[in-house]
Amino acid sequence: MVEELLTAAIATGVGAVVYVSAAARVVKQYERGLVFRFGRLRQEIRGPGFTTIVPFVERLRKVNMQIVTLPVPAQEGITRDNVTVRVDAVVYFKVVDPASAIVAVEDYRFAVSQMAQTSLRSIIGKSDLDDLLSNREMLNQGLELMIDSPAVGWGVQIDRVEIKDVSLPETMKRSMARQAEADRERRARVINADAELQASHKLAEAAEVMSEQPAALQLRLLHTIVAVAAEKNSTLVLPFPVELLRFLERSAPPPAAAPARKEPAPAGPASEGPGPAEVDAAPAPDAVDAAPAPDALDSPADGLMLDAPAPEQERDGLRD
């Protein structure tokens with residue numbers, strides 16, 4: 001009898017353990033539990049923690065309440081300005097109504113993914129290429145509204161939609177690169193022309209100042225020489241200013257008069273005796289006064305008068 005009671009107690013204990021293990025459930029903090037009794041949803045939603053259900057009668061369905069990051073596959077489409085592009089995006093959403101997410105739609109993840117792809121293709125067809133490249137904030141908002149409208153009935157809330165990348169054909173990339181290069185070159189030429197205009201105004205002002213003060217031109221020349229002389233690998237050709245030559249010419253003292261010189265007379269024939277010994281070759285007073293400066297004379301003997309006859313003329317006179 002005691003053995004039968006002990007066996008029954010053990011069997012009851014084992015059955016209780018099996019029942020508790022089959023009925024016990026644990027719901028995590030980021031989950032919510034839905035209980036289906038004979039396939040019918042109970043109104044009570046089980047919160048996080050330990051809970052139990054009736055085995056073989058009730059079934060617990062857990063729903064994740066975290067924000068889900070769903071990548072949208074790249075969609076190829078033609079923009080409004082007839083450019084073929086491939087655009088991919090990412091969708092952030094979360095479940096706000098577990099009952100609707102389980103009952104209203106078969107698979108809310110798949111439904112949100114398909115709706116995101118369809119909305120992305122629709123956005124591509126309604127937008128221009130420039131909008132896809134530069135005005136993404138407006139496109140993200142429009143895409144979010146298109147996905148969120150049907151997702152409200154599924155118990156899903158769309159937090160954010162972002163367009164990740166826009167892939168263009170290689171020909172379009174080269175065309176855009178040439179366009180950007182041409183625009184940069186145009187801006188560079190405009191800036192260079194503006195700089196030349198400003199420089200010309202400054203040079204004109206500098207020329208006016210130098211015309212009033214000629215010494216400023218010489219100072220500028222010396223500064224240029226100093227700047228060029230710093231490079232020892234170049235040859236410097238220095239022009240000599242004409243103003244400096246004129247200044248030296250005005251400041252030079254007048255030249256002194258040249259002294260008179262005596263030249264010996266040629267000797268005559270032996271029969272006539274010795275000729276005149278020496279003849280003074282003093283210049284006339286008028287010739288001295290009218291004599292040019294030493295730098296204008298061709299030879300030192302110019303402007304002198306000689307009284308001595310030439311030797312050949314004297315011989316001719318003796319023969320006659």
Is the number of heavy atoms from other residues, nucleotides or ligands within 6.0 Å of [atom1] ([X]) greater than 12?
| X | atom1 | answer |
| --- | --- | --- |
| R61 | CZ | no |
| I78 | CD1 | no |
| Q66 | CD | yes |
| F50 | CZ | yes |

Checking D128, V85, I123, V166 against T79 for side chain to side chain contact (heavy atoms under 4.5 Å, CB included), the one that qualifies is V85
Residue among L120, D165, L139 satisfying side chain to side chain contact (heavy atoms under 4.5 Å, CB included) with V87: L120
Find out if a path of hydrophobic residues (ILVMFWY) with successive side-chain heavy-atom gaps under 4.5 Å connects I67 to M65.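 Different hydrophobic clusters.
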Taking [Y]'s backbone N and O only, do any of them form a donor-acceptor pair with [X]'s side chain (distance below 3.5 Å, no angle check)?
| X | Y | answer |
| --- | --- | --- |
| N140 | R136 | yes |
| E196 | N192 | no |
| S113 | R109 | no |
| S149 | M146 | no |
| S122 | S119 | no |
| R59 | L34 | no |

Interatomic distance, S127 atom OG to L132 atom CG [nearest 0.5 angstrom]: 5.0 Å
Tell me, do F36 and I53 make a side-chain contact under 4.5 Å, heavy atoms counted?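 With C-beta onward as the side chain, the pair stays apart.
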L60 side chain near V27 side chain, heavy-atom distance below 4.5 Å: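 Yes - at least one pair of side-chain heavy atoms lies under 4.5 Å apart.
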Verify the distance criterion only: is there a donor paired with an acceptor across the side chains of R25 and T51 at less than 3.5 Å?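 Not at all, the side chains of R25 and T51 share no donor-acceptor pair under 3.5 Å.
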Do you know which two heavy atoms are closest between [X] and [Y], and how far apart they sit?
| X | Y | value |
| --- | --- | --- |
| V112 | W154 | N-CZ3, 4.1 Å |
| Y19 | P55 | CE1-CD, 3.3 Å |
| K28 | P48 | O-CB, 3.2 Å |
| I124 | Q75 | CD1-O, 3.7 Å |
| V156 | F93 | CG1-CD1, 3.3 Å |
| S100 | G153 | CB-O, 4.2 Å |

Do R160 and Y92 meet the cation-pi criteria used here (NZ or CZ under 6.0 Å from the six-membered ring centre, within 45° of the axis)?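 Ring-cation test returns no.
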Would you mind checking if K164 and E162 are paired as a salt bridge, meaning a charged N to carboxylate O distance below 4.0 Å?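 A salt bridge is absent here (no side-chain N lies under 4.0 Å from a carboxylate O).
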